[in-house]
Amino acid sequence: MKNIIRLSFLTVITILLSCEDQRWFINCSDCFANEPESAELIVKLSAVDQPVLVTVYEGELEDSIVYFIDETSLTEYSINVGLNKKYTLTAFYIRGNETYTAVDSSVPKVRFTEDKCESACYYVYDRIVDLRLRY
């Protein structure tokens, strides 16, 4: 019985702390007085010697609806996208003779809060896409 309670507690804590951009934790400096019509999708990339090709697709990767393509050497930048739509991103890395592709997706959404900041405001959540290489 104790193990079940411990496991349940750990599961709840893991879920609450698993996302970088959760709707429960708001940075009030990112709030808007008026409801936004778009969002800045934050893209995190690995630092590499050669530029990385980033492709943003509307919907699923399999749909092949290209929204944006860019080549960059930055480790983080943002892309303006619409709200409540799924975006799938790919990053194409070249290291030596090897190529790697990182894939992630996000559905940026907006929410209204009256009590989490000094004044009522709108905030965007689920807007971070992690395309960093894992070693």
Inset, instruction - Any chance you could measure L41, atom CG, to K85, atom NZ, to the nearest 0.5 Å? - result: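 Between atom CG of L41 and atom NZ of K85 there are 13.0 Å.
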Inset, instruction - Write out all pairs satisfying salt bridge (charged side-chain N to carboxylate O under 4.0 Å, His left out) with one or both partners inside residues 62-75, taking only residues at least two apart or from two chains. - result: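 Listed once each, the pairs would be none.
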Inset, instruction - Name all pairs fulfilling the salt bridge (charged side-chain N to carboxylate O under 4.0 Å, His left out) condition that reach into residues 90-104, sequence neighbours left out, sorted by first residue then second. - result: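 Sorted pair list comes back empty.
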State which residues pass side chain to side chain contact (heavy atoms under 4.5 Å, CB included) with [X]; sequence neighbours excluded, sorted by chain then number.
X: T99; answer: F92, I94
X: C31; answer: I26, C117, C121, Y123
X: E114; answer: F112, A120

Inset, instruction - Using the test side-chain hydrogen bond (donor to acceptor under 3.5 Å, both in side chains), find all partners of N84 that sit at least two apart in sequence or belong to another chain. - result: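 For N84, no residue satisfies side-chain hydrogen bond (donor to acceptor under 3.5 Å, both in side chains) once neighbours in sequence are set aside.
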Inset, instruction - Under the side-chain hydrogen bond (donor to acceptor under 3.5 Å, both in side chains) rule, collect the residues that match up with T113, sequence neighbours excluded. - result: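 Checked T113 against side-chain hydrogen bond (donor to acceptor under 3.5 Å, both in side chains); matches are D115.
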Legend entry - I128-V107 co-clustered via ILVMFWY side chain contacts under 4.5 Å: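 Different hydrophobic clusters.
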Legend entry - ILVMFWY cluster, I69 and L131 together (side-chain gap under 4.5 Å):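 I69 and L131: separate clusters.
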Inset, instruction - Determine which pairs satisfy disulfide bond (SG atoms under 2.5 Å apart) with at least one residue from residues 64-107, sequence neighbours left out, and list them in order. - result: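 For residues 64-107: none.
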Legend entry - disulfide bond (SG atoms under 2.5 Å apart): pairs with one or both residues in residues 49-84, sequence neighbours excluded: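 Checked against disulfide bond (SG atoms under 2.5 Å apart) - neighbours excluded - no pair reaches residues 49-84.
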Inset, instruction - Mind listing the closest non-hydrogen atom pair of Y93 and A102 along with its distance? - result: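 Scanning both residues completely, I find the closest heavy atoms to be CE1-CB, 4.2 Å.
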Report all side-chain donor-acceptor pairs from residues 73-81 shorter than 3.5 Å, counting only partners two or more places apart or in another chain.
| from | atom 1 | to | atom 2 | distance (Å) |
| --- | --- | --- | --- | --- |
| S78 | OG | E40 | OE1 | 3.0 |
| N80 | OD1 | S38 | OG | 3.1 |

Legend entry - Working for side chain to side chain contact (heavy atoms under 4.5 Å, CB included), residues L89 and V103: CA-CA 6 Å; L89 288 82; V103 180; over 6 Å; no
Inset, instruction - Start with the C-alpha distance between V129 and I42, add both sets of side-chain angles, then the distance that settles side chain to side chain contact (heavy atoms under 4.5 Å, CB included), and finish with yes or no. - result: CA-CA 6 Å; V129 180; I42 299 169; over 6 Å; no
Legend entry - Which residues share a ring pair (Phe, Tyr, Trp, His ring centres under 6.0 Å) with Y67, sequence neighbours left out: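 Result, ring pair (Phe, Tyr, Trp, His ring centres under 6.0 Å) vs Y67: Y87.
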Which donor-acceptor pairs under 3.5 Å do the side chains of residues 46-61 make with protein atoms, sequence neighbours left out?
| from | atom 1 | to | atom 2 | distance (Å) |
| --- | --- | --- | --- | --- |
| S46 | OG | L133 | N | 2.6 |
| E60 | OE1 | K86 | NZ | 3.3 |
| E60 | OE2 | K86 | NZ | 2.8 |

Inset, instruction - I would like to know whether V110 and F32 meet side chain to side chain contact (heavy atoms under 4.5 Å, CB included); could you show each step before the answer? - result: CA-CA 10 Å; V110 68; F32 304 94; over 6 Å; no
